[in-house]
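Inspection log for the structure reproduced underneath, given as structure tokens.
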Amino acid sequence: MKAGFRIKKRYWMAILVLIILGWFGYKAAHASHQSNEGTKFVIGVSQANLTEPWRVAMNNEIKSESDRYKDLHVIYTDAAHSIDKQKQDINKLLDFGIDLLIISTNDSKSLTPIIAKVHKKIPVIVLGRAIDGYDYSLFIGPANEVIGRNAGQLVADLAGDKKVNLVEIQGLSQSPPVIERSKGFKEIIENHPNIHQVDTIVADWNRDKAEDEVIKRLKKNRKINFVFAHSDAMALGVHRALEKKGIQGFNIIGVDGLEGDDGGLDLVRRNILKGTFAYRTGGKESIQYAMDLLQGKSGIPKKILLRVNKITKDNVDQYVQTKQNTLNISKQQKNRIELGFVQVGKESSWRAANSSSIKKAAQDFGIELKFKNANQSMNNQIKAIRNFIRERVDIIAFSPIVQTGYEDVLKEAKMAGIPVILTDRELSLKDDTLWLTSIGSDFQEEGRRAARWLLEQTKGVKKNINIVELQGTPGASPTVYRKKGFEELLRNHSNYHIIASQSGDFTKEAGRSVMKDYLEKYGEEIQVVYAHNDDMALGAIEAIEEYGKRPGKDILIISVDATKEAFNALFAGKLNLTVECNPMLGPELMKVIMDYTEGKEIPVKIVTEEGIFSQENAKRDFINRAY
Ligand code: GYE
């Protein structure tokens, strides 16, 4: 009897457990269904790993921002450092039917193909680390070269004239932030003969690896007194190694500036780090832009580079308190925002398209626009900016004719509490706190695209190829960087020679007259013209025809801008390539102004989307052109 009773009791217990499990299972399913109730968008977040504190902070930012949208559901995956697993994660997210992918990768190459494939189906936001090429909707990440340069400058400031034996501690070898931070860092320290980089340690962003490696190096070189680590986590590893060895007096500089115990800000406060460079992870911005993309908003750029803030003992507490980009204007106080805009001039058809884009976007966004033309004179621009300051406009935007000479007037605007936005062209000023953000093209990449096309077209040609160059306005950022990018790729090919290079000031007339001189001087030797904009190229085409040669056939013509007139020259077979430089910056300018008035974090650089147009693909794209 007893045994039988025992069996019955177990039987009923099992039934009871099953009922309880079933009930919780139903609740969980119903709850997840409830949490999906009203879901309009599903975003997939593919994270490379969650062992790097920076990525944990990034996911937390994504979570807190996405919680603000009731119609949004987010699914997270963690690849745990495995490239293959991240590929599987991406496919799993696609199988869930996500509407948009946010992905943060470890390196730049391995996932580029699968991201390009996904981008053909749904929008893709690449977050934190760049990938090769441009097959994605939007990249959001820190201005890594700025981080490197600022870190180099901080070492120089801390060292003064003292002798420095420095070790650089890098993250994952060949990852974009490592390459860019290292490049910026070396650009600065190579100008300081007292600073010697005696070693480089690759610690894969890993704190413990940094700790182990630096102990080995210290045995070889006891004179090390400075460390620049590409992340605060690795910097902490160095500190722990030195503490174990009882070594004092090291100057350690990190990057990331995260909150929390052992975060960069805490390490600076505790004087473990002499400095770090804080920037937002981009998690919050990725959700904001994802919703803009999913809702079909205009003015979405191609790249967003996040502002970098140098943090030392002097400003660490003030940094934490200050709300980034605090406004002295708010929408409820003013029904319309007043924007003072100072244009370069009327030198090119690109400029005309740029001006009309800004005027139309101001109307579309309901922003009151005060528009001034400087007729290619920097003094006129400075005068116009001063007038806007006197008139107390809410915000100033302008396209600097040249890269230098505006520091004083920008300081006056900052003193007056009027934020300034750079559009189109850039400044070479190191102090990037003098402007809110810079919206425009990657001019150096435009130069590379021109060279890449030429190398492709002349692949296998062994004989000398002589190029004449028509430069833009001397000292203007497009001139400087289109030249730099073009030369960067040709440098490795000894049979390409730039036999002449002169400014045509971005105008058709000057382009024509300079080309006339080139033809008189070099005649038959010229095989290629590289013009920094279409207007000068069109002037050169006229000069070549007058000389009796066939532009586009006897002499290859390569230019930049991709204006309507350039397309007509492509169709006529007189131009061979025009690299797009998008002048339609109006929507992005007005959108960033609206974001700013809403207190959103504003990136330091916003890069526009661009392509290239040859005689082969021009017809297909011409009809959709806005300029
Ligand atoms: O290429 C040229 C204009 O600043 C990118 O200026 C712009 C350049 C453009 O005159 O046509």
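All ligand and atom numbering here is 1-based and tracks the order in the structure. What you see is a predicted model; the values in this text were computed from it and never measured.
Residue Gln343 forms a side chain to side chain donor-acceptor pair (under 3.5 Å) with just one option from Lys359, Gln376, Arg351, Lys372, and that option is Arg351.
Figure legend: Lys302 and Tyr136 shown as a cation-pi pair, the cationic atom lying under 6.0 angstrom from the six-membered ring centre and within 45 degrees of its axis.
Each of the atoms 4 (O), 5 (C), 7 (C) of ligand 1 lies under 4.0 Å from some heavy atom of Asp424. Those atoms of ligand 1 with a heavy atom of Pro478 less than 4.0 angstrom away are 4 (O). Each of the atoms 5 (C) of ligand 1 lies under 4.0 Å from some heavy atom of Phe443. Residue-ligand proximity, Ser348 to ligand 1, at heavy-atom distances under 4.0 Å covers atoms 2 (C), 3 (C), 10 (O), 11 (O). Close approach of ligand 1 to Cys581 is summarised as follows: ligand atoms under 4.0 Å from at least one heavy atom of the residue are 5 (C). Near Asn533, meaning under 4.0 Å from one of its heavy atoms, ligand 1 places the atoms 1 (O), 2 (C), 11 (O).
From the protein, the heavy atom lying nearest to atom 9 (C) of ligand 1 is Asp561 OD1, 3.4 Å. For atom 10 (O) of ligand 1, the nearest non-hydrogen atom of the protein is Glu347 OE2, 2.4 Å. Looking only at heavy atoms of the protein, atom 8 (C) of ligand 1 is closest to Arg425 NH2, 3.7 Å.
Classified by interplanar angle (parallel below 30°, tilted 30° to 60°, perpendicular above 60°), the ring pair Phe398/Tyr406 is tilted. Between Phe486 and Tyr530, the angle of the ring planes stays under 30°, which puts this pair in the parallel group of the 30/60° scheme.
Gln174 CD: 12 or fewer foreign heavy atoms inside a 6.0 Å radius.
Pro603 places none of its side-chain heavy atoms less than 4.5 Å from the side chain of Leu305.
When heavy-atom distances to ligand 1 are checked against a 4.0 Å cut-off, Arg482 comes that close only through its side chain, counted from C-beta outward.
Of all the heavy atoms in Glu588 and Pro301, the pair that sits closest is OE2-CA, 3.1 Å.
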